[in-house]
Amino acid sequence: MNYTLETGLRGCLRHPRTMALAILTLALGLASVMTMLTLLSVLSADPLPGISHNLHLAWADSRQAAKSGESDSYGDGTPVPPLWKLADVQAMRQLRPDVAQVGVVTSPLSVSNADNTVSKNVSAALAVGPMLPVFGVPLRHGRYWTAEEEAAHTPVVVISRALSQHLLGREDGTGAQIRVGQRQFRVIGISERWAPRPRPHFLPANDSGWEGDGDELFAPAEAVLAAGAEITSTRICDGGGFGGFRFDQIDTGQCRWLVLWAELKDAQAREHYARSLQNFAAERHAAGIFARKPSTSLQSMAQWLRFNRVVPDSVRLNLWLALGLLLLCLVNVAGLLAARFLRRAGEHGVRRVLGAPRRAIIASCLVESTLAGLLGGLLALPLTLAGLWLMRQQGEAYSSLARFSPGLFIGLLLMAVATGVLVGLLPAVRAARQEPALQVKTL
C-alpha cells in the first residue's frame with residue numbers, strides 16, 4: 001500500500017504542466033458550481049426555522065364579480081395577492097377561535113419620540129391577532145399585547161432594540177411613549193432584531209421579500225388605524241380595480257389589505273381548517289357577501305414562497321450553466337489524465353512484468369487523480385470566495401447574502417476528491433488494461 005501511494009505521489013511530479021492544467025481546470029469548474037450552490041442554499045433556506053412548517057396562508061376569494069375581460073393576474077402576469085378585508089379576517093377568527101390566526105400587513109411608517117424631536121421611517125408589521133408569538137418574534141424586554149388590549153384598540157406597541165435606542169436613547173424603552181400617526185403609543189415590549197430573509201409574512205406587489213432590514217415596529221392594526229396613520233401597501237378595493245400601492249388611508253370596508261396566517265401543527269389540523277375555510281366561503285357566498293363562487297386556498301409557507309418565486313429563476317439558470325461548465329471541465333481533465341497515464345505506458349509495463357497486478361496500476365493512477373482533485377478543491381476555495389465577492393457587487397436585493405459558509409468548504413473538498421476519483425477511474429482502467437509486452441516495447 002505504501003509503495004502504491006509513493007508511486008502515485010511520484011507520478012504527480014512528472015509532467016508538471018499537464019498536472020497544473022488539470023488542477024486549474026478542475027478548480028474553475030468546482031468554483032463556479034460552489035458559488036452558485038452557496039447562493040442557492042442561502043436563498044432557499046428556511047426563513048423561520050422551527051416555526052414556518054406550522055404556518056399556513058389562508059385565502060377565500062371575496063372579490064367582486066368578475067367583469068368582462070378581467071383576469072386573475074396583473075398586466076405583467078403577477079398573480080393577484082391573496083388579500084382579505086378586515087371584517088372577513090375577524091369573522092374567520094371568530095369561526096375558529098381554537099386556531100391561532102393572524103392577519104398581517106407591513107407598511108412604512110414615520111414614528112417619533114413623545115416630544116417629536118427625534119423621528120425615523122421604519123418598516124412596521126401591523127397585525128390582527130397574536131402575531132409576535134405565532135411568528136416567534138424574540139422579546140428582549142417587556143411583553144406582547146393582549147387580546148383585550150387589541151379589542152379595545154389600546155395604543156400599545158412593541159419596538160426593536162435599535163429603534164428604542166434611536167428614539168428614546170436607551171435599549172429598554174418599555175413604559176415610554178412614542179408617536180405613531182396622531183396618537184401617543186405606550187411601548188410595552190422591546191424585540192431583538194427580527195429580519196427573516198426572505199420576509200415571509202407579507203410580500204407586497206413587486207417585492208420578492210429580500211428588500212429592507214426587517215420590521216422595527218409591531219402593533220395592533222386597528223389601533224394604528226384609529227391613530228390616523230397612513231398604511232401604504234398592496235390592496236384590492238371594490239370598485240377600484242386591483243388597488244395597488246397607494247398613499248391614502250385604507251377604506252377598511254371596501255379594501256382587502258391583510259393576509260391571513262393560521263398555525264396548524266399537523267395534517268389533521270390542516271384538513272379541518274381547510275374544511276372550515278371552504279365552509280366559511282360558502283356561507284359568505286350564500287349570504288351575498290362574497291360575489292364569486294366559493295374559492296379557497298391553504299398554502300404552507302414553503303409553498304407560498306415558491307409561488308412568489310423568492311428564489312429568482314436566474315439563480316437556478318446560472319446553477320445549470322455552472323454544472324455544464326463543470327461537466328466540460330471534467331471531460332477535459334479526464335483527457336489530460338489519460339494522456340499522462342498513457343505516456344507512462346512503459347513504466348506500467350515494467351511493473352506488470354515484475355508481478356504488479358492491474359489493481360496496483362489502477363490504485364497508483366487513482367492516487368494521482370485524487371491528489372489532483374484535492375489540490376483543485378483547495379484552489380477552488382479562493383476562486384469561490386472571489387465569485388461570491390463578485391455576486392455581492394451586483395445590484396440585486398439578495399446580493400449581500402452571498403457569503404461563504406465554513407460547512408460548505410467541507411462539501412467542496414469532498415466534492416473535489418470524489419471528482420478526482422471519478423475523472424481518474426476510466427483513464428486508470430484503460431492504462432492498466434494494456435498488454436505488458438506491448439508496453440515494455442515502447443521503452
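The side-chain contact (heavy atoms from CB on, under 4.5 Å) search around Glu192 returns Pro138, Arg140, Arg161, not counting sequence neighbours. The side-chain contact (heavy atoms from CB on, under 4.5 Å) test applied to Leu414 returns Ile410, not counting sequence neighbours. Arg270 is linked by a salt bridge (charged side-chain N to carboxylate O under 4.0 Å, His left out) to nothing, counting only residues two or more places apart in sequence or in another chain. For the salt bridge (charged side-chain N to carboxylate O under 4.0 Å, His left out) test, residues two or more places apart in sequence or in another chain that qualify with Asp98 are Arg96. With sequence neighbours left out, Arg93 forms a salt bridge (charged side-chain N to carboxylate O under 4.0 Å, His left out) with no residue at all. For Glu271, the side chain to side chain donor-acceptor pair (under 3.5 Å) test picks out Arg275, with sequence neighbours left out. Not counting sequence neighbours, Asn332 has no partner by the side chain to side chain donor-acceptor pair (under 3.5 Å) test. Take Lys120 and apply the salt bridge (charged side-chain N to carboxylate O under 4.0 Å, His left out) test, not counting sequence neighbours, and it matches Glu216. With sequence neighbours left out, Gln254 forms a side chain to side chain donor-acceptor pair (under 3.5 Å) with no residue at all. Every residue two or more places apart in sequence or in another chain that forms a side chain to side chain donor-acceptor pair (under 3.5 Å) with Gln303 is listed here: Ser300.
Asn279 has its side chain out of reach of Leu95: every pair of non-hydrogen atoms, C-beta onward, lies at least 4.5 Å apart. Using a 4.5 Å heavy-atom threshold, the side chains of Ile159 and Val122 count as separate. Contact annotation: the side chain of Pro47 approaches that of Leu305 to within less than 4.5 Å [non-hydrogen atoms, C-beta and beyond]. Between Lys85 and Ile289, every side-chain heavy-atom pair lies at or beyond the 4.5 Å cut-off. Taking 4.5 Å as the limit, every side-chain heavy atom of Ser160 sits out of range of all side-chain heavy atoms of Arg193. Using a 4.5 Å cut-off on side-chain heavy atoms (C-beta onward), Leu126 and Thr106 make no contact. Between Leu330 and Leu326, the closest side-chain pair of non-hydrogen atoms falls below 4.5 Å.
Remark: Arg179 does not engage Asp115 in a salt bridge, criterion side-chain N to carboxylate O under 4.0 Å.
The nearest pair of heavy atoms linking Arg256 to Gln64 is NH2-N, 3.9 Å. Taking every heavy atom of both residues into account, Ala176 and Arg170 meet most closely at CB-NH2, 3.4 Å. Listed here is the closest heavy atom pair of Val134 and Ala100: CG2-CB, 4.0 Å. Minimum heavy-atom separation, Pro81 to Ile236: O-CD1, 3.9 Å. When all heavy atoms of Val333 and Leu26 are compared, the pair lying nearest together is CG2-N, 4.0 Å. Scanning all heavy atoms of the two residues, the minimum distance from Ala114 to Gln184 falls at O-NE2, 3.2 Å.
Using cut-offs of 30° and 60° for the angle between ring planes, the His201 and Trp194 rings count as tilted.
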Can you list, pair by pair, the side-chain donor-acceptor contacts under 3.5 Å of residues 262-269, counting residues two or more places apart and other chains?
residue	atom	partner	partner atom	Å
Asp266	OD1	Gln268	N	3.2
Asp266	OD1	Ala269	N	2.7

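One distance of note links CG of Leu258 with CD1 of Ile231; it measures 8.0 Å at 0.5 Å rounding. Annotation: the span from Thr35 atom OG1 to Leu30 atom CG amounts to 10.5 Å, rounded to 0.5 Å. Here Arg199 contributes atom CZ and Asp215 contributes atom CG; the two are 6.5 Å apart, rounded to the nearest 0.5 Å. Here Leu168 contributes atom CG and Gln177 contributes atom CD; the two are 10.0 Å apart, rounded to the nearest 0.5 Å. Rounding to the nearest 0.5 Å gives a distance of 10.5 Å between CG of Asp61 and CH2 of Trp84. Here the OG atom belonging to Ser297 is positioned 7.5 Å from the CG atom belonging to Leu277, to the nearest 0.5 angstrom.
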With side chain to side chain contact (heavy atoms under 4.5 Å, CB included) as the test, would you mind laying out the steps for Thr384 and Leu388 before giving the verdict? CA-CA 6 Å; Thr384 300; Leu388 293 174; 4.2 Å; yes

Determine, stepwise, if the pair Phe307 / Gln299 fulfils side chain to side chain contact (heavy atoms under 4.5 Å, CB included). CA-CA 9 Å; Phe307 177 77; Gln299 296 176 295; 3.9 Å; yes

Before you tell me yes or no, could you show the steps for Met131 and Trp261 under side chain to side chain contact (heavy atoms under 4.5 Å, CB included), namely the whole-Å CA-CA distance, both residues' side-chain angles and the distance that decides it to 0.1 Å? CA-CA 9 Å; Met131 176 194 170; Trp261 290 94; over 6 Å; no

As a quick check of understanding, evaluate side chain to side chain contact (heavy atoms under 4.5 Å, CB included) for Ile188 and Trp145, giving each step before the final call. CA-CA 7 Å; Ile188 61 171; Trp145 63 79; 3.8 Å; yes

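Applying the salt bridge (Lys or Arg N to Asp or Glu O under 4.0 Å) test to every pair with at least one member in residues 324-338, sequence neighbours left out, gives no pairs at all.
For the 3.5 Å distance criterion, the side chains of Ser62 and Arg284 fail to qualify, holding no donor opposite an acceptor.
Here the side chain of Ser164 pairs a donor or acceptor atom with the backbone of Glu171 at under 3.5 angstrom.
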